[in-house]
Amino acid sequence: MAKFSEIFWHKPLLPKIHKKRQEGVFFTAPMVLSMLFLALIILCCIFAPLISPYSPTEQNLTESLALPSLRHLLGTDKVGRDLLTRLFYGGRTTLLSAIGVVAFSVMVGVPLGLVSGYYGGLADAVIGRVCDVVLAFPSLLLAFVLVAGFGRGMASAVVALGIVYVPMLARLVRSLTLVEKNKTYVEAANSIGYSDARIMFRHILPNCVSTITVQITLDLAYAILDLASLSFLGLGVQPPTADWGAMLDEGRNFLLQNPLLALAPGIAIIVTVVALNIFSDGLHQYFEPVQRKLPSFKKVEKRRQKEGVA
């Protein structure tokens with residue numbers, strides 16, 4: 001007879017809890033590099049006040065469009081603001097806004113997907129049709145319309161993109177729920193008399209976390225690109241707030257005087273998005289046994305021998 005924990009904890013959140021889990025390699029070379037780049041970017045944004053002696057809004061017209069020097073490592077913009085400082089503070093705005101977009105989509109999309117997949121019927125039909133309507137529009141075009149309705153600003157951009165991302169996450173959670181609700185542990189929970197909410201959020205959802213985590217990391221990369229696009233078009237942050245998309249828009253007019261004004265935020269966006277994509281791909285390979293990179297037989301045997309000796 002199966003143990004109680006095996007019935008109601010089919011696929012644990014933490015890999016170490018499952019002793020029979022296939023041994024995979026998490027810290028591969030691409031994963032390590034992507035995590036190093038992401039950690040460096042995040043640390044620079046967090047500790048921007050300690051790294052840079054300037055303010056992101058401090059103007060000095062006497063040093064307008066200054067070239068890189070020891071005083072200003074990346075030069076200055078058209079009103080004499082230090083470019084490196086604005087790059088760090090702009091990263092704060094962009095990353096926090098992207099996290100806000102993903103958090104909004106998770107808070108709305110996950111419950112909708114669980115309800116749609118678990119109950120089916122009318123709830124599934126209504127939620128599915130609403131998602132179809134939202135997905136029928138190009139994502140950025142719909143975001144433009146929503147921002148125009150809510151008003152310009154980063155808060156409006158975050159809410160608009162969050163609404164755009166909800167259907168994709170809800171569809172994913174629905175498909176996962178359809179698979180999980182027919183398994184034995186859900187039938188056992190129903191027979192004991194657990195409520196539907198407990199079954200959905202305490203038993204089905206933990207078994208979907210790995211796939212949802214991969215999708216969230218991808219959405220985070222897409223959110224950075226979409227937010228940069230909105231700011232580039234003047235629909236995101238408003239001056240003088242620093243943001244990578246807005247900095248890219250400001251710098252494109254001065255490519256001949258100082259190309260770094262546009263190249264620096266552009267490279268920051270590219271590096272961050274590529275690192276997130278590589279990290280997401282690594283998570284997907286690790287969570288999926290079929291695609292997981294496994295250690296050599298010798299390494300597994302040595303590890304097991306050490307555990308046996310211990």
Side-chain angles (χ1 to χ4, degrees), residues 38 40-61 63-66 72-105 140 143-165 219-255 257-273 276:
L38 290 174
L40 179 62
I41 293 170
I42 293 172
L43 289 175
C44 288
C45 294
I46 293 175
F47 296 105
L50 301 178
I51 298 174
S52 177
Y54 302 101
S55 168
T57 58
E58 180 183 353
Q59 299 183 12
N60 186 358
L61 295 177
E63 296 183 341
S64 175
L65 297 177
H72 301 284
L73 295 180
L74 295 181
T76 61
D77 62 6
K78 61 181 180 180
V79 292
R81 296 173 296 194
D82 184 67
L83 179 59
L84 184 61
T85 302
R86 288 183 61 79
L87 194 67
F88 291 155
Y89 281 89
R92 277 183 171 187
T93 305
T94 302
L95 294 178
L96 287 176
S97 301
I99 292 172
V101 171
V102 173
F104 182 93
S105 66
L140 275 180
F144 293 159
V145 174
L146 292 174
V147 170
F150 297 150
R152 295 185 179 184
M154 187 53 72
S156 300
V158 168
V159 174
L161 287 177
I163 293 173
V164 171
Y165 285 17
D219 287 347
L220 194 60
Y222 295 145
I224 291 174
L225 286 175
D226 291 340
L227 286 168
S229 301
L230 291 175
S231 296
F232 183 83
L233 296 173
L235 299 176
V237 299
Q238 300 301 308
T241 305
D243 175 79
W244 286 345
M247 292 173 63
L248 192 61
D249 178 44
E250 295 173 0
R252 67 187 176 92
N253 298 317
F254 303 98
L255 287 174
Q257 290 87 343
N258 187 359
L260 287 176
L261 290 176
L263 290 177
I267 292 173
I269 294 171
I270 292 172
V271 170
T272 306
V273 171
L276 281 171

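In terms of heavy atoms, Phe104 sits closest to Val159 at CE2-O, 4.3 Å. Between Leu230 and Ala157, the shortest heavy-atom contact is CD1-CB, 3.7 Å. Nearest heavy-atom pair across Ser156 and Val147 is O-CG2, 4.1 Å. Shortest non-hydrogen contact noted between Val164 and Ala143 is CG2-N, 4.2 Å. Contact between Pro49 and Ile46 at its shortest, heavy atoms only, is CD-O, 3.8 Å.
Under the 3.5 Å distance criterion, the side-chain polar atoms of Thr94 are left unmatched by any main-chain donor or acceptor of Gly91.
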Open item on the list: One pair to check against side chain to side chain contact (heavy atoms under 4.5 Å, CB included): Thr93 and Trp244. What are the steps and the verdict?
Closed with: CA-CA 8 Å; Thr93 305; Trp244 286 345; over 6 Å; no
(request) Report the C-alpha distance between Ile41 and Leu95 in whole Å, list the side-chain angles of each, state the deciding distance to 0.1 Å, and finish with yes or no for side chain to side chain contact (heavy atoms under 4.5 Å, CB included). (result) CA-CA 10 Å; Ile41 293 170; Leu95 294 178; 4.2 Å; yes
Practice prompt. List the steps and the verdict of side chain to side chain contact (heavy atoms under 4.5 Å, CB included) for Met154 and Ser231.
Written response: CA-CA 8 Å; Met154 187 53 72; Ser231 296; 3.7 Å; yes
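Between Ile163 and Phe150 the shortest side-chain heavy-atom distance falls below 4.5 Å. Side-chain contact between Leu276 and Ile224 is present, with heavy atoms from C-beta onward closer than 4.5 Å.
In this structure, the side-chain contact (heavy atoms from CB on, under 4.5 Å) partners of Phe47, at least two apart in sequence or on a different chain, are Leu43, Leu50, Ile51. In this structure, the salt bridge (charged side-chain N to carboxylate O under 4.0 Å, His left out) partners of Arg81, at least two apart in sequence or on a different chain, are Asp77, Glu250. A search for side chain to side chain donor-acceptor pair (under 3.5 Å) contacts involving Thr57 returns Ser55, not counting sequence neighbours. The salt bridge (charged side-chain N to carboxylate O under 4.0 Å, His left out) test applied to Arg152 returns no partner, not counting sequence neighbours. In this structure, Asn253 has no side chain to side chain donor-acceptor pair (under 3.5 Å) partners at least two apart in sequence or on a different chain. Partners of Asp226 by side-chain contact (heavy atoms from CB on, under 4.5 Å), not counting sequence neighbours, listed by chain and number: Leu140, Leu161, Tyr165. Asp82 is linked by a side chain to side chain donor-acceptor pair (under 3.5 Å) to His72, Thr85, counting only residues two or more places apart in sequence or in another chain. In this structure, the side-chain contact (heavy atoms from CB on, under 4.5 Å) partners of Leu225, at least two apart in sequence or on a different chain, are Ile269, Val273.
Between atom OG1 of residue Thr76 and atom CG of residue Leu83 there is a gap of 8.5 Å, rounded to the nearest 0.5 Å. Going from atom CG of Leu87 over to atom CG of Leu73 covers 11.5 Å, rounded to the nearest 0.5 Å. To the nearest 0.5 Å, the span separating CG on Asp243 from CZ on Arg86 amounts to 9.5 Å.
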Extract all donor-acceptor atom pairs below 3.5 Å that involve side chains of residues 234-242 and protein atoms in other chains or at least two apart in sequence.
unit_1	atom_1	unit_2	atom_2	d
Gln238	NE2	Gly234	O	3.3
Gln238	NE2	Gly236	O	3.0
Thr241	OG1	Gln238	O	3.4

Taking distance alone, no hydrogens or angles, what donor-acceptor pairs closer than 3.5 Å link side-chain atoms of residues 257-267 to residues at least two apart or in another chain?
unit_1	atom_1	unit_2	atom_2	d
Asn258	OD1	Leu260	N	3.2
Asn258	ND2	Ala66	O	3.4

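Taking a 6.0 Å sphere around OH of Tyr222, one finds it holds 12 or fewer heavy atoms contributed by other residues, nucleotides or ligands.
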